[in-house]
Amino acid sequence: SPSGNTYSALPAVLGGYEYTAYNMNMQRKELPLAEKILESARILPLNFKRAGYGATIISPGWSSLKFKPTDDLGGAILEDPADVCMKAWLKERAGGLSIRDDLPEKFIAFGLFRSVSPLFRETLYDKGNWLIHPWRITSTHRDKVVVYPKNREMIKAIQEYAALDYLPQLTSIDNSTKNSFVMIFNNSPHEPWAYNELFEIDLSGSIEYSKEMLHRYGNSLTSVKHVCGDTTVLVTFARWLRFLKENGVYDNTRIVVISDHGAGIHVPNLVAETEANHAVSAAFRASVNSLFMVKDFGSRGELKIDDKFM
């Protein structure tokens with residue numbers, strides 16, 4: 001990965017070496033960073049449009065990158081189905097489950113925040129939790145740890161996961177001879193707070209993780225959440241690949257799956273034997289080891305590891 005965070009990594013992924021953090025900071029200093037990020041997002045759709053392709057961008061990260069529906073991303077068609085998918089997914093897959101955000105409680109807490117002495121404000125703020133559900137974090141048992149996701153965590157997870165799970169429904173297949181370029185953004189790996197060990201999204205309000213799995217990932221609950229969440233994302237994405245095969249368009253589609261960065265978590269195969277006690281070093285390795293998978297036209301066979309871009 002070019003960097004360990006979205007703002008400095010994604011532009012390089014989208015636009016190439018000219019948009020690495022170093023080059024963006026050193027060149028055209030008069031341009032705001034936000035404009036450079038938006039510019040990097042135009043590169044691929046613009047070039048595909050020039051080559052005669054239709055270009056579509058799905059869920060282009062309005063919230064994280066400050067894109068607006070009115071922004072020109074290389075003349076591409078912009079689609080943001082997150083909210084529509086979430087409502088349909090909750091009705092179809094979760095029995096109409098309704099998860100209410102805790103915004104009203106936050107307004108009350110913020111009112112108290114303004115009225116109390118500055119000495120107590122840090123405690124009331126509670127690192128953004130506002131003491132709304134201070135008791136609903138985790139409980140530890142002999143052979144498992146139970147996590148109680150907050151409502152807003154589950155909402156964030158569903159917003160991203162629903163669009164991913166509905167990729168077959170969002171895919172249109174026709175006999176047109178025109179080539180298409182489709183770029184899909186999905187932040188599910190950023191929101192790994194509602195996934196269980198069965199690699200399913202879990203909206204029960206309490207998720208169990210075994211002590212065995214915790215031990216495997218350095219007794220790091222954050223690491224286990226990411227492993228469960230990221231694996232669920234790949235399993236769900238694989239269902240879409242199966243859909244493409246069943247509908248006869250897998251072979252004539254080139255698919256590139258890429259993440260802008262990794263996460264600073266405990267990954268056993270990234271810990272060298274001589275560095276077993278240096279968690280920071282291992283976490284740094286994990287943060288810059290991002291996913292990059294390519295399926296070319298007509299490809300078949302087992303997965304292969306290639307380091308030509310290293």
Side-chain angles (χ1 to χ4, degrees), residues 1-50 55 57-76 78 80 127-128 156 160 181-192 220 222-223 225-227 229-230 233-234 255-267 269-272 275 278-294 305-310:
S1 169
S3 174
N5 65 76
T6 297
Y7 285 99
S8 55
L10 185 58
V13 171
L14 296 175
Y17 290 108
E18 292 182 4
Y19 294 91
T20 60
Y22 176 82
N23 285 331
M24 285 199 299
N25 286 327
M26 295 302 295
Q27 301 171 10
R28 298 178 297 160
K29 296 181 180 180
E30 71 282 1
L31 276 182
L33 177 61
E35 177 57 33
K36 293 177 182 177
I37 293 174
L38 184 61
E39 187 179 88
S40 72
R42 296 189 184 109
I43 300 296
L44 283 170
L46 183 61
N47 279 283
F48 274 98
K49 290 281 285 186
R50 286 174 175 172
I57 303 178
I58 298 177
S59 299
W62 310 131
S63 58
S64 59
L65 296 178
K66 309 302 180 187
F67 293 166
K68 301 184 292 295
T70 54
D71 286 331
D72 177 14
L73 295 183
L78 305 181
D80 191 13
K127 297 180 180 179
K156 287 180 179 179
E160 298 297 335
F181 166 72
V182 181
M183 183 157 59
I184 303 171
F185 290 83
N186 190 272
N187 281 329
S188 290
H190 269 270
E191 311 295 342
S220 165
T222 298
S223 298
K225 288 180 180 180
H226 272 281
V227 169
D230 294 353
V233 167
L234 291 175
I255 301 169
V256 179
V257 182
I258 189 168
S259 63
D260 51 352
H261 60 82
I265 62 176
H266 182 90
V267 181
N269 63 340
L270 290 179
V271 181
E275 298 179 355
H278 297 276
V280 173
S281 177
F284 175 75
R285 285 197 182 113
S287 70
V288 295
N289 270 269
S290 54
L291 181 68
F292 184 25
M293 302 176 72
V294 179
I305 297 176
D306 193 324
D307 61 359
K308 68 173 60 175
F309 290 113
M310 299 300 290

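Numbering of residues begins at 1 and proceeds along the displayed sequence. In this text, all values refer to a predicted model and were calculated from it rather than measured experimentally.
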Could you pull out the closest heavy-atom pair between [X] and [Y], with the gap in Å?
{"X": "Ser223", "Y": "His266", "answer": "OG-N, 2.9 Å"}
{"X": "Ala286", "Y": "Ala263", "answer": "CB-O, 3.1 Å"}
{"X": "Thr6", "Y": "Pro11", "answer": "O-CD, 3.7 Å"}

>> Can you tell whether the side chains of Arg28 and Glu39 come within less than 4.0 Å, N to carboxylate O?
In response: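 Glu39 and Arg28: salt-bridged.
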Tell me if a side-chain donor or acceptor on [X] pairs with a main-chain N or O of [Y] at a distance below 3.5 Å.
{"X": "Asn186", "Y": "Glu160", "value": "yes"}
{"X": "Ser40", "Y": "Gly15", "value": "no"}
{"X": "Lys36", "Y": "Gln27", "value": "yes"}
{"X": "Asn23", "Y": "Tyr19", "value": "no"}

Can you tell me how far the [atom1] atom of [X] sits from the [atom2] atom of [Y], to the nearest 0.5 Å?
{"X": "Asp260", "Y": "Asn5", "atom1": "CG", "atom2": "CG", "result": "8.5 Å"}
{"X": "Ile57", "Y": "Ile184", "atom1": "CD1", "atom2": "CD1", "result": "11.0 Å"}
{"X": "His226", "Y": "Thr222", "atom1": "NE2", "atom2": "OG1", "result": "6.5 Å"}

> What do the steps show when you test Tyr7 against Ile37 for side chain to side chain contact (heavy atoms under 4.5 Å, CB included), and what is the final call?
Replying inline: CA-CA 8 Å; Tyr7 285 99; Ile37 293 174; 3.8 Å; yes
> Angle class for the Phe48/Phe181 ring planes (parallel below 30°, perpendicular above 60°, tilted otherwise)?
Replying inline: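 Correct class here is parallel.
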>> Assess the residue pair Val182 and Ile58 against the criterion (side chain to side chain contact (heavy atoms under 4.5 Å, CB included)); give the C-alpha distance rounded to whole Å, side-chain angles, the decisive distance to 0.1 Å, and a yes or no.
In response: CA-CA 8 Å; Val182 181; Ile58 298 177; 4.1 Å; yes
>> Suppose we screen for salt bridge (Lys or Arg N to Asp or Glu O under 4.0 Å). Which residues come up paired with Glu191, at least two apart in sequence or across chains?
In response: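 None.
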>> Under the rule for salt bridge (Lys or Arg N to Asp or Glu O under 4.0 Å), what residues qualify as partners of Glu18, not counting sequence neighbours?
In response: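 Glu18 satisfies salt bridge (Lys or Arg N to Asp or Glu O under 4.0 Å) with no other residue.
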>> For a ring-ring contact (aromatic ring centres under 6.0 Å, His included) check, start with the C-alpha distance between His261 and His190, then their side-chain angles and the critical distance, and finish with the verdict.
In response: CA-CA 10 Å; His261 60 82; His190 269 270; 5.5 Å; yes
> What do the steps show when you test Val256 against Phe292 for side chain to side chain contact (heavy atoms under 4.5 Å, CB included), and what is the final call?
Replying inline: CA-CA 7 Å; Val256 179; Phe292 184 25; 3.7 Å; yes
>> If the condition is side-chain contact (heavy atoms from CB on, under 4.5 Å), which residues does Leu291 pass it with, not counting sequence neighbours?
In response: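 Per chain and number, Leu291 pairs via side-chain contact (heavy atoms from CB on, under 4.5 Å) with Leu234, Val257, Ser259, Met293.
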